[in-house]
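Notes follow the structure.
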There are 2 protein chains.
Amino acid sequence: MTKVEELSVLEGFLKTKALKHSRKREEILDVFLNVDRHLTADELYRLAKKKDPSIGFATVYRTLKLLSESGLAAELKFDDGVTRYEHMYAHKHHDHLVCTGCGRMVEVVDPAIEKLQERLFRKHAFHPQRHRMELYGICVRCKRR
Amino acid sequence: MTKVEELSVLEGFLKTKALKHSRKREEILDVFLNVDRHLTADELYRLAKKKDPSIGFATVYRTLKLLSESGLAAELKFDDGVTRYEHMYAHKHHDHLVCTGCGRMVEVVDPAIEKLQERLFRKHAFHPQRHRMELYGICVRCKRR
DNA sequence: TAGTATTTTGATAACGATTATCAATTTCAT
DNA sequence: ATGAAATTGATAATCGTTATCAAAATACTA
């Protein structure tokens, strides 16, 4: 149930920052790792609260920030202005294909696009850091309706 | 000074929605069109206020929404959570290359990437609507420092 | 294991961007 | 000019998120 490897990543990160291990942080990480979809801070808060009602949402926000900094979570910002988080540890880079009808999301990677993006960076003499690509459309299911 | 073509686009849009022409809306459009960079609602508010101090920021927000709906402006949402607006009328589609050091922004288009994006839509049986691509990096000037 | 310095915590207030409310003003077809 | 309807600015409200702060938890040390 508990993912030991991810937990040790967090522990290691805390150590380098002279921060302390805490029960709450471990609980929140555990809940996060056991859900396999993008979560908003609020969704994670509700789930964590079920396991431990004493958890406050400020702690969830703070922990999500730690998870992002330690490389365990990635922040996703779509057009609706709500930040979502997804698993990042040992997950490959990918972009998103989003259905504007039902909200369904597909993770996509196109190596050819990635290469061309690198070329764009070089062409404008930028040192690449990261990118973000979202494709919005209507999926088959929604088109039928 | 005043862009008649864009103004008539707005007028036309208002007509279809049974909305009224107003002096404030025209003033705001005029200020917007005479600035050639991405603007936040607040920036546009300050500029409009110089010309006509009686303009309130609620009206600027409301007008920006109308401009977006009528196709004169495009909303840009980057990672900082502030919505920016750019000219849209008779402007070609483009993506953005952003320097995380100084905030400089370059408009880019890569036809090859556009084609591959279409292919990705088809591959997952999505009907394409729009996409968003932002490349974040460090520009030469910032790298030197 | 008790003492203690430091960090973490939850509740709450504060924040920044945006939107809703509402009475007063403007628009426009008559 | 009249009057119905839309628009306006000031302000309050909203939403997601972050800051504050006293109390609790943690991890050293002796």
Side-chain angles (χ1 to χ4, degrees), chain A residues 7 10-32 38-70 73-85, chain B residues 7 10-32 38-70 73-85:
Chain A
L7 182 56
L10 177 59
E11 302 289 278
F13 176 78
L14 293 174
K15 213 153 271 166
T16 69
K17 294 275 184 177
L19 300 176
K20 292 174 176 171
H21 164 275
S22 88
R23 165 182 267 276
K24 300 283 169 85
R25 282 172 179 164
E26 189 173 334
E27 287 174 340
I28 292 169
L29 172 62
D30 195 57
V31 173
F32 175 67
H38 304 144
L39 287 177
T40 64
D42 190 64
E43 286 165 347
L44 181 55
Y45 167 62
R46 287 166 201 276
L47 290 173
K49 195 118 184 147
K50 278 191 200 163
K51 285 209 165 187
D52 179 351
S54 76
I55 286 179
F57 72 83
T59 301
V60 172
Y61 271 101
R62 287 185 285 234
T63 303
L64 277 170
K65 184 162 286 180
L66 292 175
L67 297 186
S68 300
E69 289 171 26
S70 65
E75 295 186 355
L76 302 175
K77 306 209 179 187
F78 296 111
D79 280 349
D80 66 358
V82 188
T83 306
R84 270 156 246 271
Y85 298 84
Chain B
L7 182 57
L10 178 58
E11 302 290 278
F13 176 77
L14 293 175
K15 212 152 272 168
T16 69
K17 294 275 184 176
L19 300 177
K20 291 175 178 171
H21 165 276
S22 88
R23 166 182 266 277
K24 301 284 170 82
R25 282 173 181 164
E26 190 173 336
E27 287 174 339
I28 293 170
L29 173 62
D30 195 56
V31 173
F32 175 68
H38 304 147
L39 287 176
T40 64
D42 190 64
E43 286 165 346
L44 182 55
Y45 166 62
R46 287 166 201 275
L47 290 173
K49 195 119 185 148
K50 278 190 200 162
K51 286 207 166 189
D52 178 352
S54 76
I55 286 179
F57 71 84
T59 301
V60 172
Y61 271 101
R62 288 185 283 232
T63 303
L64 276 171
K65 184 161 287 179
L66 292 175
L67 297 186
S68 301
E69 289 171 27
S70 65
E75 295 187 354
L76 302 175
K77 306 212 177 184
F78 296 111
D79 280 348
D80 66 357
V82 187
T83 306
R84 270 158 245 272
Y85 297 84

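These figures come from a predicted structure and were not determined experimentally. In what follows, chains are A, B, ... by sequence order, proteins preceding strands, each numbered from 1.
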What's touching nucleotides 17-20 of chain D from the protein side, N or O pairs under 3.5 Å?
{"residue": "dT17(D)", "atom": "OP1", "partner": "T83(A)", "partner atom": "N", "Å": "3.0"}
{"residue": "dT17(D)", "atom": "OP1", "partner": "T83(A)", "partner atom": "OG1", "Å": "2.8"}
{"residue": "dT17(D)", "atom": "OP2", "partner": "Y61(A)", "partner atom": "OH", "Å": "2.7"}

Under 3.5 Å, N/O pairs linking protein and nucleotides 26-30 of chain C:
{"residue": "dT27(C)", "atom": "O3'", "partner": "H21(B)", "partner atom": "O", "Å": "3.2"}
{"residue": "dT27(C)", "atom": "O2", "partner": "K20(B)", "partner atom": "NZ", "Å": "2.8"}
{"residue": "dC28(C)", "atom": "OP1", "partner": "H21(B)", "partner atom": "N", "Å": "3.4"}

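Rounded to whole Å, atom P of dA5(D) lies 19 Å from atom CG of L14(B). Distance L44(A) CG to dG16(D) P: 15 Å, rounded to the nearest Å. Put simply, OH on Y45(A) is 12 Å from C1' on dT12(C), counting in whole angstrom units. Atom CD1 in I55(B) sits roughly 11 Å away from atom P in dA10(D) (whole-Å rounding). L39(B) places its CG atom 16 Å from the C1' atom of dA17(C), with the value rounded to the nearest Å. Rounded to a whole Å, the NZ atom of K17(A) is 12 Å from the P atom of dT8(C). Rounded to an integer number of Å, the gap from K77(B) NZ to dA17(C) P is 14 Å. What separates CD of E43(B) from P of dA17(C) is a distance of 10 Å, to the nearest Å.
A search for side chain to side chain contact (heavy atoms under 4.5 Å, CB included) contacts involving T16(B) returns F13(B), not counting sequence neighbours.
Between the R62(B) side chain and the R25(B) main chain, no donor and acceptor come within less than 3.5 Å of each other.
Between the NZ atom of K51(B) and the CD atom of E27(B) there is a distance of 8.5 Å, given to the nearest 0.5 Å. L14(B) CG to S22(B) OG: the interatomic distance, rounded to the nearest 0.5 Å, is 8.0 Å. The distance from atom CD1 of I55(A) to atom CG of D52(A), rounded to the nearest 0.5 Å, is 4.5 Å.
In the model, S54(B) has a side-chain atom that pairs as donor or acceptor with a side-chain atom of K24(B) under 3.5 Å.
Checking the phosphate oxygens (OP1, OP2) of dT9(C), a side-chain nitrogen or oxygen of R25(A) falls inside 4.0 Å.
Taking the six-membered ring for Trp and thresholds of 30 and 60 degrees, Y45(A) and F57(A) have ring planes more than 60 degrees apart, a perpendicular arrangement.
Nearest approach of A41(A) to V60(A), heavy atoms of both residues: O-CG1, 3.7 Å.
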